[in-house]
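Worksheet for the structure shown next.
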Amino acid sequence: MLRKIILASHDRLAAGFKSTLNYLNPNLGTIEVINGYLVNVPIDHEIEQVLTAVDWQQDEVLTFTDLLGGSINQAFTKYLVYPHFHLVTGMNLPLVLSCLMSLPAADQYLDPQKLRQLIKDAQQQIIYVNDLFAANLQGTEEE
């Protein structure tokens, strides 16, 4: 079984994520990047190039995209029919890092329930810091 990790975004976000991930943990494995619309190639063609060697009945593909309504995410939705294809959108660095560090052994498939929990955990890290700071400041004044 092959496991393929793909980061795909408009512009250079995916490449920046890959660079940071490799810096934080150089042992994460091979990460494919699609920086959409930087070259004059249709996005479907770029995706097909990255997925050429995938055996859709056995291999697992974990794909992260930047925008739910974006054309790159939409282009990947046609692969949702395959049993081991996972598409996660709204990627952020904590989400991608936690998912990659939580991958099962190479001979085991990713548990969708585990992936759902990792997404939920990453959502908890999205905080309006002004409110957090104000609450901490108020707590300090009450002491």
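The figures that follow rest on heavy atoms only: side chains count, while hydrogens, waters and symmetry mates do not.
A donor-acceptor distance shorter than 3.5 angstrom exists from the side chain of Ser98 to the backbone of Leu95, with no hydrogens or angles considered. Between the side chain of Lys4 and the backbone N or O of Asp59, no donor-acceptor pair lies under 3.5 Å. Panel note: side chain Asn92, backbone Ala122; no donor-acceptor pair is recorded below 3.5 Å. Without hydrogens or angle criteria, Asn35 side chain to Ala15 main chain gives a donor-acceptor distance under 3.5 Å. Distance alone, capped at 3.5 Å, places no donor-acceptor pair between the Asp11 side chain and the Leu13 backbone. The main-chain N or O of Gln108 is found under 3.5 Å from a side-chain atom of Arg3 such that the two form a donor-acceptor pair. Side chain of Lys18 to main chain of Ile31: a donor-acceptor pair is present (N/O by atom type, distance under 3.5 Å, no hydrogens or angles). The backbone N or O of Gly69 sits less than 3.5 Å from a side-chain atom of Gln74, completing a donor-acceptor pair.
Remark: Asn25 CG to Met101 CE distance equals 5.0 Å, nearest 0.5 Å. To the nearest 0.5 Å, the span separating NE2 on His45 from CD on Gln49 amounts to 4.0 Å. In this structure, Leu7 CG and Ile34 CD1 are separated by 9.5 Å, a value rounded to the nearest 0.5 Å. Between atom CD of residue Gln113 and atom CG of residue Leu118 there is a gap of 10.5 Å, rounded to the nearest 0.5 Å.
Residues Leu62 and Leu103 have side chains in contact (heavy-atom distance under 4.5 Å, counting atoms from C-beta outward). Looking only at side-chain heavy atoms (C-beta outward), Trp56 and Val61 come within less than 4.5 Å of each other. The closest side-chain heavy-atom distance from Ile6 to Phe76 is below 4.5 Å. Between Leu2 and Asp55, the closest side-chain pair of non-hydrogen atoms is not below 4.5 Å. For the pair Pro83 and Tyr109, the minimum side-chain heavy-atom distance is 4.5 Å or more. Counting heavy atoms from C-beta on, the side chains of Lys114 and Pro104 never come closer than 4.5 Å.
Residues Thr65 and Asn73 bring a donor and an acceptor atom of their side chains to less than 3.5 Å of each other. Side-chain contact annotation: His86 with Glu60, donor-acceptor N/O pair under 3.5 Å present. With 3.5 Å as the limit, one finds no donor-acceptor pair spanning the side chains of Thr63 and Tyr79. Residues Gln117 and Asp121 bring a donor and an acceptor atom of their side chains to less than 3.5 Å of each other.
Considering all non-hydrogen atoms of both residues, Ile43 and Gly36 come closest at CD1-CA, 3.9 Å. Here the closest non-hydrogen pair linking Ala106 and Met1 is O-CE, 2.6 Å. What you find for Ala8 and Ala14 is that their closest heavy atoms are N-CB, 4.0 Å. Taking every heavy atom of both residues into account, Tyr37 and Glu46 meet most closely at N-OE2, 4.0 Å. Closest of all the heavy-atom pairs between Glu48 and Thr52 is O-CG2, 2.9 Å. Residue Ser71 comes nearest to His10 through the heavy atom pair OG-NE2, 3.4 Å, listed as atom of the first residue, atom of the second, then distance.
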For this session: For Cys99 and Phe64, run side-chain contact (heavy atoms from CB on, under 4.5 Å): C-alpha distance rounded to whole Å, both residues' side-chain angles, the deciding distance at 0.1 Å, then the answer.
Result: CA-CA 10 Å; Cys99 288; Phe64 296 93; 3.7 Å; yes

Exercise. Yes or no on side-chain contact (heavy atoms from CB on, under 4.5 Å) for Ile72 and Leu67, after CA distance, side-chain angles and deciding distance?
Worked result: CA-CA 8 Å; Ile72 294 174; Leu67 300 169; over 6 Å; no

For this session: Using the side-chain contact (heavy atoms from CB on, under 4.5 Å) rule, take Leu93 and Leu21 through it: C-alpha gap first, then chi angles, then the decisive distance, then the call.
Result: CA-CA 8 Å; Leu93 195 58; Leu21 290 165; 3.8 Å; yes

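A chain of hydrophobic side-chain contacts below 4.5 Å, direct or via other Ile, Leu, Val, Met, Phe, Trp or Tyr residues, connects Val54 to Val81. Leu110 is not connected to Leu80 by any chain of hydrophobic side-chain contacts under 4.5 Å among Ile, Leu, Val, Met, Phe, Trp and Tyr, and they are in different clusters. Grouping the Ile, Leu, Val, Met, Phe, Trp and Tyr side chains by contacts below 4.5 angstrom, directly or via other members, places Leu87 apart from Ile5. Hydrophobic cluster membership is shared by Phe17 and Tyr23, with clusters built from Ile, Leu, Val, Met, Phe, Trp and Tyr side chains linked at under 4.5 angstrom. Residues Ile47 and Val39 are members of separate hydrophobic clusters, defined by side-chain heavy-atom contacts under 4.5 angstrom among Ile, Leu, Val, Met, Phe, Trp and Tyr.
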